[in-house]
Structure formats: structure tokens, C-alpha cells
Protein chains: 2
Amino acid sequence: MRADAQRNLDLVLGAAQECFAEGGVDVSVDEVARRAGVGHGTVFRRFPTKEALLDAVLSKELDRMLVFAQAGLAEADPWEGFAAFFRAAAESYAQNRALHEAKERCHELPQMPAIEHAARELVRRAQKAGVLREDLTPDDIGELVPVASRYPDVILDGLRGQPGVRGLRPEAGAGVRR
Amino acid sequence: MRADAQRNLDLVLGAAQECFAEGGVDVSVDEVARRAGVGHGTVFRRFPTKEALLDAVLSKELDRMLVFAQAGLAEADPWEGFAAFFRAAAESYAQNRALHEAKERCHELPQMPAIEHAARELVRRAQKAGVLREDLTPDDIGELVPVASRYPDVILDGLRGQPGVRGLRPEAGAGVRR
DNA sequence: GTTTTAACGGAGTTGTTACTCCGGTTGTGC
DNA sequence: GCACAACCGGAGTAACAACTCCGTTAAAAC
């Protein structure tokens with residue numbers, strides 16, 4: 001690969017990361033090209049469609065997410081391991097609008113099975129230890145991550161232990177609307 | 001107003017309500033007109049812009065929200081009053097994609113001050129009674145409403161009483177990332 | 001330094017969406 | 001029942017976004 005091609009590829013990827021994080025998936029390819037300082041023809045040669053460009057950016061984000069999940073599993077305490085991953089994932093969502101808006105796209109990407117496997121394990125371990133409410137599946141908790149991006153401790157308090165454990169709401173329901 | 005004009009206005013409003021609730025704000029005006037069974041010219045005579053149409057739909061939704069807030073205030077128990085409003089609002093968000101996507105637009109609408117006033121009162125009363133965590137402002141709680149649309153009880157458990165009250169997390173932080 | 005060859009970028013195409021306009025139609029006052 | 005005004009709806013416009021193409025430019029091999 002020629003030196004200028006490599007340099008421009010890096011510029012495009014960096015610009016796309018910034019644009020999609022700040023403006024969400026509806027930012028135009030022209031805008032990305034402008035920020036990268038290249039023509040949009042250059043963007044489309046590297047990435048045949050806008051979707052391919054978005055996938056590349058999301059993939060990098062998911063790589064980081066997988067690292068967080070594995071770090072959580074390495075933690076000895078079940079709650080701390082789960083909470084650490086949950087917070088880290090929420091932080092990622094908080095700093096990246098595209099992650100919110102392209103959730104289903106993420107599920108098509110190759111990193112996803114590994115992340116889901118690790119997340120399931122984190123949840124299973126915490127529930128077995130009795131520190132995570134059991135009326136939620138890993139999928140439910142996955143949906144709460146983006147939600148927790150601004151209020152992580154409120155959500156974590158809500159997830160802790162068992163539903164209604166504080167004894168204040170004996171009529172507490174399942175906690176999930178399906 | 002002529003009878004046919006009134007009938008078509010109702011059809012358009014109903015169709016817009018359904019379309020925006022199901023498909024979000026990006027549903028095209030053509031799609032709304034098609035569902036209403038009128039030409040899109042008819043839509044644009046009633047509502048000069050798509051935004052005006054959206055505002056009309058959101059207004060009706062906010063009217064319902066205000067009723068919920070006032071019903072919450074009429075409830076004697078501070079927690080039940082707060083929680084009832086919170087659940088009702090979450091339910092509305094769960095059933096209306098446009099409400100999620102046009103949050104800032106809602107704040108421009110005339111119903112908003114009254115809703116905010118009632119919500120502030122609900123929060124203040126619950127916090128004074130010690131049944132709602134005090135590290136959150138009414139605005140914070142407002143942001144949790146859409147979030148709670150699928151997991152109302154998880155969020156309500158998280159909001160109950162004081163942060164970390166279960167004694168499991170002495171290091172519990174503020175619960176809010178600003 | 002020359003030649004080759006890959007990469008660049010902007011003009012242009014296609015498709016979509018918000019919005020306008022006007023000829024035809026239909027409800028309503030007299 | 002008639003005239004007139006209001007209303008209807010679809011053809012047409014403007015703007016914008018994704019994507020293509022090709023003449024020009026510049027890197028790299030010798």
C-alpha cells in the first residue's frame with residue numbers, strides 16, 4: 001500500500017470515528033471526508049458504502065468493549081466484575097452516539113459473539129452469588145447499558161440483589177416489560 | 001370549517017400519531033398522507049411544515065402526560081404519587097418512538113412548563129419524605145423516564161431511598177455523570 | 001530522470017423528501 | 001337548485017445525500 005493511501009485511510013477512519021461519535025449515524029459521508037481533508041471519492045474507494053465505513057468504526061469500539069468484558073471476568077468479586085464491565089460499557093455508550101443508534105448493526109459484527117459470551121458469564125456469576133437481581137436475562141441487561149450511560153449508579157443500584165429487597169415495595173413486579 | 005375538512009384533519013392527525021409512534025420522526029409526510037388516505041397537499045395545507053404536524057401530535061401526548069402528573073400529586077403517599085407518574089410517563093415513552101426522538105422539541109411546547117412544575121413538586125415531596133434518592137434533580141429524573149420505558153421496576157428500585165442504602169456498596173458515588 | 005501505475009478528488013447521477021401550485025371537485029349560503 | 005368559495009390531490013420543484021466515473025496528479029521502481 002502506498003504511503004499516501006495509508007495516511008489517508010488513517011485520516012478517514014479517525015474523522016469517521018469523531019463524526020459518528022459526535023453526530024450519530026446520520027452524519028453525511030461528505031462531512032466525514034471534509035473533516036479528514038480528502039474528497040469523498042477517496043472515502044468510497046476504501047469503503048464501498050457508508051455502511052462499511054460505519055462498520056469499521058463500530059468494530060474498533062467493540063474491540064474495546066471485549067477487553068472490558070474480559071477484564072471483568074478476571075476480577076475475583078462477582079459484583080465488582082460485573083459492575084466494572086457495566087460501567088465501562090456505559091461510558092463507551094455515553095461517548096459515542098453511533099453506538100446508540102446502530103445497536104442492531106453491532107449485533108452483525110464478528111466481535112459480538114465473544115462479547116455476548118463474556119457478558120453472559122458475568123451475569124450468570126453475579127446472579128449465582130446473589131448480588132444481581134435474577135428477574136433479568138443477559139439480554140435485558142445489555143439493553144440497560146446504553147440507558148446507564150448517564151446514571152450508572154442509579155441503574156446499578158436498581159440491578160443489585162433482588163427486586164424490592166429494601167422491603168418498601170412488597171408488590172414489586174417482574175421489573176421487565178416485554 | 002367544512003365537514004370534509006374536519007374529517008380529513010382528524011384522519012391526518014390520527015395517521016400522524018400512529019406513524020410517528022411506530023416509526024419515529026423520520027417517517028415521511030407522504031407516508032402519513034397515505035395512511036390517512038389523503039394527498040400530501042392536504043396535509044401541508046393544515047400544517048405548513050412537517051414540524052408543525054409533529055408538534056400537534058406531541059402536544060396531544062404532553063396533554064396526557066400533564067394529567068398523569070396531576071394525578072400523581074393528588075395521591076396522598078409521596079412515593080406512590082411519584083412512582084405512578086413515573087410509570088405512566090415511561091409507558092407513554094414505550095409506546096411512542098417520536099417522544100424519544102423529539103425530546104428537545106417537546107421542551108418548546110406550551111404544555112411543558114406545567115408538566116415540569118408538577119414533576120418538580122412530585123420529586124421535591126418524595127425527597128422530603130426520604131423515599132427518593134436526593135442526589136438527583138427533577139431534570140435528571142426526567143431523563144430517566146424514557147430510559148425506564150422497558151424496565152420500570154429496575155429504575156424505580158434504583159431511585160428508591162438513598163444511594164447505596166442496601167449497605168452493599170459503601171463507596172457508592174453520586175449516581176450521576178454530568 | 002523517466003516511466004509506470006496506483007491514488008486522488010470533484011463533477012455528475014440517482015433517489016428521496018420536504019414543500020408548492022393550480023386545475024378540478026365538492027360542500028354550503030341564498 | 002345555483003353560484004361561489006373552500007377544499008382536494010397529484011404533478012412538479014428544490015435541496016440534499018449516497019454513490020460513480022474519469023481526467024489529473026504524484027508515488028515508486030529502475
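Computed from a predicted structure; not experimentally measured. Here is the naming used below: chain letters follow the sequence lines, and residue numbers restart at 1 for every chain.
Taking atom CG on L54(A) and atom P on dA18(D), their separation rounds to 11 Å, with Å as the unit. In this structure, the CZ atom of F44(B) is 17 Å from the C1' atom of dC7(D), given to the nearest Å. R46(A) has its CZ atom 12 Å from the P atom of dA6(C), to the nearest Å. Taking atom CG on L53(B) and atom C1' on dT17(C), their separation rounds to 14 Å, with Å as the unit. Computed from coordinates, the K50(B) NZ to dC16(D) C1' distance equals 14 Å when rounded to whole Å.
Judged by atom type and distance alone, H40(B) reaches the base of dA11(D) through a side-chain donor-acceptor pair under 3.5 Å. Evaluation of atom-type donor-acceptor distances gives no pair under 3.5 Å for the side chain of R2(A) against the base of dA7(C).
With S59(B) contributing its side chain and D55(B) its backbone, the two residues share a donor-acceptor pair below 3.5 Å. Looking only at distances, a side-chain donor or acceptor of K50(B) sits under 3.5 Å from a matching main-chain atom of V25(B). Between the side chain of D140(B) and the main chain of T137(B), a donor-acceptor pair closer than 3.5 Å is present.
Against DNA chain D, the stretch residues 98-107 of chain B makes no heavy-atom approach under 4.0 Å. The stretch residues 4-35 of chain A touches DNA chain C through D4(A), A5(A), N8(A), each having a heavy atom within less than 4.0 Å of the strand.
Here E22(A) pairs with R35(A) in a salt bridge; the nearest charged N to carboxylate O distance falls below 4.0 Å. Using a 4.0 Å cut-off between charged side-chain N and carboxylate O, R97(B) and E101(B) make a salt bridge.
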Verdict with supporting geometry, D153(A) and R133(B), side-chain contact (heavy atoms from CB on, under 4.5 Å): CA-CA 11 Å; D153(A) 294 332; R133(B) 54 193 294 163; 4.3 Å; yes

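Applying the 4.0 Å criterion to OP1 and OP2 of dC19(D), one finds that R45(A) has every side-chain N and O outside that range.
Note on ring orientation: taking the six-membered ring where Trp is involved, the planes of F44(A) and H40(A) are perpendicular (angle over 60°, cut-offs 30° and 60°).
More than 12 non-hydrogen atoms from other residues, nucleotides or ligands lie less than 6.0 angstrom from NE2 of H100(B).
If you chain together hydrophobic residues whose side chains sit under 4.5 Å apart, F20(A) and L109(A) fall into the same group.
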